[in-house]
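A short write-up of the structure that comes next.
We name chains A, B, ... by the order of the sequence lines, and we start the count at 1 in each one. Given the structure is predicted, the values throughout are model-derived calculations rather than measurements.
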Number of protein chains: 4
Amino acid sequence: MPKVKPETLAIRREEILQAAEICFARQGFHQTTIQDVIKQSGLSAGCIYGHFTGKEELIQAIGESRHGRDSALLALKDPSDDVLQSLRSIARAFLGDLQKEEGLRARRVALQLWAEALRDDVVRDQVVSGIRQPIALIVDLLRRGQKSGAIDPHVQPRGAARAMVAMFQGIVLQRLWGETVSTAEAMHAFDIFLAGLAARR
Amino acid sequence: MPKVKPETLAIRREEILQAAEICFARQGFHQTTIQDVIKQSGLSAGCIYGHFTGKEELIQAIGESRHGRDSALLALKDPSDDVLQSLRSIARAFLGDLQKEEGLRARRVALQLWAEALRDDVVRDQVVSGIRQPIALIVDLLRRGQKSGAIDPHVQPRGAARAMVAMFQGIVLQRLWGETVSTAEAMHAFDIFLAGLAARR
Amino acid sequence: MPKVKPETLAIRREEILQAAEICFARQGFHQTTIQDVIKQSGLSAGCIYGHFTGKEELIQAIGESRHGRDSALLALKDPSDDVLQSLRSIARAFLGDLQKEEGLRARRVALQLWAEALRDDVVRDQVVSGIRQPIALIVDLLRRGQKSGAIDPHVQPRGAARAMVAMFQGIVLQRLWGETVSTAEAMHAFDIFLAGLAARR
Amino acid sequence: MPKVKPETLAIRREEILQAAEICFARQGFHQTTIQDVIKQSGLSAGCIYGHFTGKEELIQAIGESRHGRDSALLALKDPSDDVLQSLRSIARAFLGDLQKEEGLRARRVALQLWAEALRDDVVRDQVVSGIRQPIALIVDLLRRGQKSGAIDPHVQPRGAARAMVAMFQGIVLQRLWGETVSTAEAMHAFDIFLAGLAARR
DNA sequence: GATGAATGAGCCTTCATTCAT
DNA sequence: TATGAATGAAGGCTCATTCAT
């Protein structure tokens, strides 16, 4: 029988994660010390270790929360009958998020996770699963498009979907390095790809 | 009057860098200790610090050498008159490298650098300049394609080039996370994009 | 709300300083490693660095505490109306301290500080201020003596005070090098100086 | 049969010592690295180790050379029949040297040696012997003065001599810490002492 | 003798983690 | 549960010294 409401537990956990994410976005995982997280959260070392077994778990928990938020982005799309329109609206949601300061901060952490995935299997699974979801969604859309005739039947849905996701990942990288990539510019490039999907007549 | 040829200096430097790159690919920058580099290189701490001021400089030097090797990849393309063929051959060179073990190891380090670029301005400049080069090359090809009529005049060369590079970056990420992306699959997706470039709308 | 009284903080600080002083007296500042202080204090490295930022600060803190103890010595003198007697009793307090083992150990550290003052401005200020205090006191006594007629009006109080202090410093040096300087011998020499102060010329 | 003239040997040795003294005066013994001496001398590590077994020997050699130069100072006095005049001229030589930049630099090193004497027996012997010489000289003068009636017979020559030397040492300290001690001021104080010596009539 | 690249022991310092209160 | 002083293993780096040329 927990004396403290599990709700309070979750709130405290969330506080810590938020503080950690701020630190991680600012300095990266390995430059961030637990002391930094302590200062940022206003809590104590003991308290943090009461909620997480250590720094690694903190990173993984951040990975988990990022994962959830990315999924939420996908769910925003309006279920249109026009497959190309649906793809376009997914893209637009993604690119729009990338222009906002908060979205950018989240991507800074994401890039850390992408690198961390090379060493931490838990993180790699999070990252990979975070990519398979949109790929599966797009594959599904493409198949429907092929059925309806909107998309060239020679297109391999899996490869095309993977490439689209790859393109967005690359754009995230470039944005993070300070390159200017406007939503219009990126949508233009995306439309080229969509044109290719529909091209063979 | 140095008894040892200045040549030896460069060789020793290269030895250290190679050892460091192996360690970095294996464990990442921040998990790699100087002690690791010492063991890997068979040299001593003092010797390494005689050639590099510290770990940061070691990372930057690795970034510099990666930079050089990536540029070399671009130079391999045969200067064909057919713009689309040229783009395809650039893509093929890139993707081929990605299937080789050595290419993959180099990309593991590259991903570390991509993340490091968020914190180290020297690395960021290296990374950014390493991306502007292929973009400029592709922009040039696209312009020529538009002149010759092979490419849709509505295409914005800059955005399209950026998107192509982004796509390759994303594919690198996915490969590094253990996803299977065959050259054929990636070339197929690339061809979709090329079709979009050529499409009359 | 600290669970531990701030008092404990000061006690711990004092423990560290005492350990450091023992080490410094034994081996000098630069031969003493933090490791030595750790062993002597029975504490851990982290603990010491929680109270002092490094060795330099430790040295300065030692300088500060020496400073305080020296001031205390001066305060011991009984405020007699006879200026020469007052000077003599200051001298006696000083020389007496120099015969005790503890006083000698403290002087060993003081000599280190004297040398350190050449390089560390904080220490130099401590040392200089530690010398200006007795000089000011003696100047004051001499002026009073001149008013009362006990001391030759031609005497320049500042220079004479400085010379007296210098004499004591030199005696400290000689004692530290193992020379035998008895209190009687030193007092005899001091009396010669006092005789000079009183002399009609 | 040495292939190189022993003269050359000595010259090289002197070069090294001069470079070392400059470094030592600037940064102290323990802040000075052999590398510093190498740079200052323009020679190589191996060369220095060909002439000295290590840093400690270098310090001791510096101590030895200081020793010699101080003795030289004493020899400058003109052998007057007036004992008080002789003492005064010794004092003047000493104090004059202290106003010159070069004399000050030498004293900076001397202070290092004074501190070093606590730990290095060779240095302590040098320092002590460097003090006994002037003391012996002054004792001799005082005895002669007592014979001639110029100096109070109650004066204990040994203690008085020691005190005079002590006074000069203290003045050196104060000068090194940046205090302004003019020759006139110091001579005035010295004269007070001399007056004390002659005082009892 | 002279050179200077290389050595490696050992120093200072950090920081993830623990535990008595 | 929360606190935060204390721990101590381990990392980055320096520098006196050596030795092949």
Got a second to check how far B:Leu113's CG is from B:Glu64's CD, nearest 0.5 Å?
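These two atoms lie 10.5 Å from each other.
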
State which residues pass side chain to side chain donor-acceptor pair (under 3.5 Å) with C:Ser44; sequence neighbours excluded, sorted by chain then number.
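So C:Ser44 forms no side chain to side chain donor-acceptor pair (under 3.5 Å) with any residue.
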
Could you list the residues that satisfy side chain to side chain donor-acceptor pair (under 3.5 Å) with D:His30, not counting sequence neighbours?
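So D:His30 forms a side chain to side chain donor-acceptor pair (under 3.5 Å) with C:Gln31, D:Glu116.
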
Just compare E:dT7, F:dG4, E:dG4 and give me whichever is closest to any side-chain atom of D:Ser44.
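Nucleotide nearest to D:Ser44's side chain: E:dG4.
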
Counting heavy atoms from C-beta on, name the nucleotide in F:dT14, F:dA6, E:dT14 closest to the side chain of C:Ala45.
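Of F:dT14, F:dA6, E:dT14, E:dT14 is nearest to the side chain of C:Ala45.
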
Take the protein atom CG of C:Leu9 and the nucleotide atom C1' of F:dA5, then report the distance between them rounded to whole Å.
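It works out to 9 Å between those atoms.
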
Whole-Å distance between E:dC19 P and A:Ile48 CD1?
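Result: 18 Å.
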
Quick one: list whatever passes side-chain contact (heavy atoms from CB on, under 4.5 Å) with D:Ile38, sequence neighbours left out.
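Checked D:Ile38 against side-chain contact (heavy atoms from CB on, under 4.5 Å); matches are D:Ile34, D:Gln35, D:Ala45, D:Ile48.
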
Should A:Gln18 and A:Ser41 count as side-chain neighbours, where that means a heavy-atom distance under 4.5 Å?
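The answer is no; the side chains never approach within 4.5 Å.
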
So that I can tick it off, tell me whether B:Arg69 and B:Glu21 are bridged by a salt bridge, with the cut-off set at under 4.0 angstrom between side-chain N and carboxylate O.
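Salt bridge: yes.
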
Electrostatic pair A:Arg105-A:Glu102, nearest N-O below 4.0 angstrom:
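No.
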
Heavy-atom contacts under 4.0 Å between residues 49-60 of chain D and DNA chain E, which residues?
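Those residues are D:His51.
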
What residues in residues 12-42 of chain D put a non-hydrogen atom under 4.0 Å from any atom of DNA chain E?
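Of all residues in residues 12-42 of chain D, the ones placing a heavy atom under 4.0 Å from DNA chain E are D:Arg12.
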
At their closest point, which heavy atom of D:Ala117 faces which heavy atom of D:Val127, and how far apart are they?
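Heavy-atom minimum between the residues: CB-CG2, 4.3 Å.
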
Do you know the tightest heavy-atom contact between B:Arg13 and B:Ala61?
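Answer, listing the atom of B:Arg13 first, then B:Ala61: NH2-CB, 4.0 Å.
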
For B:Arg26 and B:Gln40, test the side chains for any donor-to-acceptor distance below 3.5 angstrom and give the result as yes or no.
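Their side chains do contain a donor-acceptor pair, which is all the 3.5 Å distance test asks for.
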
Sort by first number and list every stem of DNA chain E: at least 3 consecutive Watson-Crick or G-U wobble pairs, both distances under 3.5 Å.
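So far as stems of 3 or more pairs are concerned, DNA chain E shows E:2-21 with F:2-21.
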
